[in-house]
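Read the structure below first, then the notes.
Counting from 1, the numbers follow the sequence of the chain as shown. As the structure is a prediction and not an experimental result, all values here were calculated from the model.
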Amino acid sequence: MVIKVFLATSSGSTAIKKKQQDVVGFLEALKVEYAELDIACNEQNRMWMRQNVPEEKKPSNGIPLPPQIFNEESYCGDYDTFFDAKEDNTVYAFLGLPPPPGSKEALQAEKEHIMQNGTHAEENPDDSVKHNGDAQEGEEEGQAGDEEEGEGGRADDEATELETSRGEGEEEEAAAEEGTDEEAQEEDEEQEEEEDTELQEGEEEAE
């Protein structure tokens with residue numbers, strides 16, 4: 001694609017010369033390839049330019065003045081629209097050219113693309129990591145809960161064993177006490193029998 005700039009090299013208007021120099025100088029600064037087409041010395045260029053400038057872009061007298069800018073056969077604009085594009089950092093879009101990587105216009109287009117289509121896919125891994133982190137935290141909490149339940153279960157088992165062993169000990173103590181009571185009762189009965197025997201013997205001797 002070739003950018004065509006229609007100029008009037010022999011124009012007597014200082015304003016037109018200044019505008020032409022401004023357009024050419026800015027294109028050179030951007031290193032954009034362009035072709036200068038003189039309408040003052042070439043009738044064919046002048047006729048082509050007048051025929052291809054859209055009617056709504058022509059001045060009231062119907063004769064467009066240079067500089068006029070085209071991308072091949074496609075009309076880009078005149079000096080005023082070029083100046084507006086330069087102020088807005090949209091010259092490449094104005095010329096119908098893709099902006100080079102790293103240029104202000106490329107960065108601006110990227111921002112507009114982000115605003116229109118949402119966040120980049122590059123940002124999604126952060127979200128997925130965040131979601132995965134939440135899930136991992138949930139799993140860790142679940143594992144911690146299971147461990148607490150396991151510890152609680154072990155504590156309950158130990159308490160049950162203690163109660164059981166305590167109960168068995170009490171039963172053994174109660175059985176031991178019962179045995180002691182029975183032995184004491186037997187000893188008392190034997191002692192009473194011995195005392196009765198001694199009293200009977202004493203009575204018989206007295207008689």
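For Lys18, there are no salt bridge (Lys or Arg N to Asp or Glu O under 4.0 Å) partners two or more places apart in sequence or in a different chain. Evaluation of the salt bridge (Lys or Arg N to Asp or Glu O under 4.0 Å) rule for Asp22 yields Lys86 as partners, not counting sequence neighbours. The side-chain contact (heavy atoms from CB on, under 4.5 Å) search around Pro100 returns Tyr92, Ser103, not counting sequence neighbours. For Phe83, there are no ring pair (Phe, Tyr, Trp, His ring centres under 6.0 Å) partners, not counting sequence neighbours. Judged as a side-chain hydrogen bond (donor to acceptor under 3.5 Å, both in side chains), and not counting sequence neighbours, the contacts of Asp78 are Thr81. For Pro101, the side-chain contact (heavy atoms from CB on, under 4.5 Å) test picks out no residue, with sequence neighbours left out.
For residues 39-62, the ring-ring contact (aromatic ring centres under 6.0 Å, His included) pairs, not counting sequence neighbours, are Phe6-Trp48, Trp48-Phe70. Applying the salt bridge (Lys or Arg N to Asp or Glu O under 4.0 Å) test to pairs two or more places apart or on separate chains, those with a residue in residues 55-66 are Glu55-Lys58. For residues 64-77, the set of pairs meeting the side-chain hydrogen bond (donor to acceptor under 3.5 Å, both in side chains) definition, not counting sequence neighbours, comprises Gln68-Tyr75. Residue pairs satisfying the salt bridge (Lys or Arg N to Asp or Glu O under 4.0 Å) criterion with at least one member in residues 5-14, sequence neighbours excluded, are absent.
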Sequence neighbours excluded and cut-off under 3.5 Å, please list the side-chain donor-acceptor pairs for residues 33-41, or say none.
from	atom 1	to	atom 2	distance (Å)
Tyr34	OH	Glu28	OE2	2.9
Asp38	OD1	Thr9	N	3.2
Asp38	OD1	Thr9	OG1	3.4
Asp38	OD1	Ala40	N	2.9
Asp38	OD2	Thr9	OG1	2.6

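Here the shortest heavy-atom pairing between Pro64 and Gly62 reads CD-O, 3.5 Å. Here the shortest heavy-atom pairing between Leu27 and Leu95 reads CD2-CD1, 3.7 Å. Nearest heavy-atom pair, Pro67 versus Lys19, reported as atom, atom and distance to 0.1 Å: CD-CB, 3.9 Å.
Within 6.0 Å of the CD atom in Gln44, the count of heavy atoms belonging to other residues, nucleotides or ligands does not exceed 12.
Under a hydrophobic clustering in which Ile, Leu, Val, Met, Phe, Trp and Tyr are joined whenever their side-chain heavy atoms come within less than 4.5 Å, directly or via other members, Ile69 and Val91 fall into the same cluster. Cluster membership check: Val32 shares its hydrophobic cluster with Leu7, using side-chain heavy-atom separations under 4.5 Å among Ile, Leu, Val, Met, Phe, Trp and Tyr. Taken together through direct or relayed side-chain contacts under 4.5 Å among Ile, Leu, Val, Met, Phe, Trp and Tyr, Phe82 and Val5 form part of one hydrophobic cluster. Grouping the Ile, Leu, Val, Met, Phe, Trp and Tyr side chains by contacts below 4.5 angstrom, directly or via other members, places Ile3 apart from Met49.
No donor-acceptor pair under 3.5 Å is formed between the side chain of Asp88 and the backbone N or O of Thr90.
Expressed to the nearest 0.5 Å, how far CE of Met47 lies from CZ of Arg50 amounts to 7.0 Å.
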